[in-house]
Number of protein chains: 2
Amino acid sequence: MRADARANRDEIVEAALELFQEQADFNVSFRTIASRAGVGVATLHRHFPDRAALITEVIDHLDRGVTAIIEDHLSRWDEDPQRAWSGSIHRLVDLGIAPLASGGSEFAVTEGKVDGFLQYMRQKDMRPMERLLGKGVQHGFAPSDLDPYRFAAGIVLLSRPLPYLTAQILPDQREWLVDVYIDGLRARARDTSSG
Amino acid sequence: MRADARANRDEIVEAALELFQEQADFNVSFRTIASRAGVGVATLHRHFPDRAALITEVIDHLDRGVTAIIEDHLSRWDEDPQRAWSGSIHRLVDLGIAPLASGGSEFAVTEGKVDGFLQYMRQKDMRPMERLLGKGVQHGFAPSDLDPYRFAAGIVLLSRPLPYLTAQILPDQREWLVDVYIDGLRARARDTSSG
DNA sequence: TGTAAGTGGAGCACTCTGCTCCGCTTATAA
DNA sequence: TTATAAGCGGAGCAGAGTGCTCCACTTACA
């Protein structure tokens, strides 16, 4: 693969991720994605023959991001557990993982490939997240009934875009809300361990 | 207005609300809305000449729902403050207010009526919510830096649909997450008052 | 029971979509 | 430097989906 082709491919994946996040929807037109990537439609189609191929690539990209964030914070856990724990949650929310999870059904319906997509999601490696949660429970940051899916659901909801509210009426309250979530988890951890 | 016309109008508003919530988007085709309401497209257009008219009606409908829930729980506050507080939050989330807030920008952009829509949102009566928060702060359920917009942002995020996750992989975790949010608010209330 | 009010769906004009084709440009190895 | 294969962009096509209107039909109700 020629170097310029590789660069274009990367541009496309990044543009697609941005747009999927902004619109919280996988159904962004190829024209729009190509234009954001600064590339012709033909180039987009050459690299990704259909929408499923593009989405798969974007999800893999995000997934690698999730794993990297978790590994990074786990490696600095002993330094300052509290900081590693809450830092990892903030950074996972910042990743903007929402469309990965909640755009899934639209994708599946649109493409008529429910089973394929589901299997794809299910095969994702949950071990890094399980390790993070294990550490969190152990240090009293998270309740013991917090499984990876509950945790993921929280991240997904918190990472949802609020374009109208944030842009027009109130400044971005996301960090504040994430801190409330973190405090809530710790409060429940105390309740479960003492009660 | 004839009785059957009135009934159709109500069906339409309800159908539109459902679809806006399910798709977290105001751009649902008139055909789809009409069909869900069990009504012809012409009937839909007769009652609501354009999309803005329909959205306005749906938002008013939701807004009345918000006020009703708050009034209801405030009136039963003294009976059991804790129950009234957390009950009101759960019920506000159940309302599914998300598209009202975060679909706003799409609507504004699509219709090219940003200012009109913004003014419309700003003129909404925030007093019921302010009274609820006042009581919450007073009883130590909410931190004093919780203003109505932060509170609303939390409700909006929690009420976001998670169609893919909930339908296919994990059972609905929303109640659990709402409880974490409530616990987080109380934990912060303690911190602010003592520190 | 007369009639004004209300109805639904076919159909029009239009926009936007995915996708291909092909003449042009450019990276790269010799 | 140059030959050439690899890669490129955008015009354009066929089709799907849209908002909206028209009008022959039905129905609530004075």
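So that the names make sense, note that chain A is the first sequence line, chain B the second, and so on, each numbered from 1. Values below: all heavy atoms of this structure, side chains included; hydrogens, waters and symmetry mates excluded.
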Can you name the residues that form a side-chain hydrogen bond (donor to acceptor under 3.5 Å, both in side chains) with B/S35, not counting sequence neighbours? none

Is the side chain of A/R31 donor-acceptor paired with the backbone N or O of A/V41 at a distance under 3.5 Å, no angle test? no

What residues, two or more places apart in sequence or in another chain, satisfy side-chain hydrogen bond (donor to acceptor under 3.5 Å, both in side chains) together with A/R127? A/D125

Under 3.5 Å, which protein N or O atoms sit close to an N or O of nucleotides 20-30 of chain D? Give each pair with its distance.
from, atom 1, to, atom 2, distance (Å)
D/dT27, O2, B/R2, NH1, 3.4
D/dC29, OP1, B/A3, N, 3.3

Cluster question for you: counting only ILVMFWY and a side-chain heavy-atom cut-off of under 4.5 Å, with indirect links fine, are A/V66 and A/L74 together? yes

Residue set satisfying salt bridge (Lys or Arg N to Asp or Glu O under 4.0 Å) with B/R83, at least two apart, ordered chain then number -> none

Taking only heavy atoms on the protein side, list every residue of residues 32-39 of chain B lying under 4.0 Å from any atom of DNA chain D, sorted numerically. none

Taking only residues two or more places apart in sequence or in another chain, which ones pass salt bridge (Lys or Arg N to Asp or Glu O under 4.0 Å) with A/D4? A/R2

May I have all residue pairs that pass side-chain hydrogen bond (donor to acceptor under 3.5 Å, both in side chains) and include part of residues 134-145 of chain B, sequence neighbours excluded? A/W176-B/D145, B/W77-B/H139

Within less than 4.0 Å of OP1 or OP2 of D/dG17, is there a side-chain N or O belonging to B/S29? no

I'd like the 5' and 3' limits of the part of DNA chain C contacted by chain A, with heavy-atom contacts below 4.0 Å. C/dT17 to C/dT28

Atom pair distance, as rounded to whole Å: CG in A/N27 and P in D/dA16: 17 Å

N or O in side chain of A/H47 less than 4.0 angstrom from D/dC8 OP1/OP2: yes

Where at least one partner belongs to residues 177-189 of chain B, residue pairs that pass salt bridge (charged side-chain N to carboxylate O under 4.0 Å, His left out), sequence neighbours excluded: A/D183-B/R188, A/R188-B/D183, B/D183-B/R186

For A/R9, give me all partners under salt bridge (Lys or Arg N to Asp or Glu O under 4.0 Å), at least two apart in sequence or on another chain. A/E57

Roughly what angle, to 10°, lies between the helix axis at the start of the helix from C/dT1-D/dA30 to C/dA30-D/dT1 and the one at its end, five pairs per end? 30°

With B/R131 via side-chain hydrogen bond (donor to acceptor under 3.5 Å, both in side chains) - residues at least two apart: B/E71

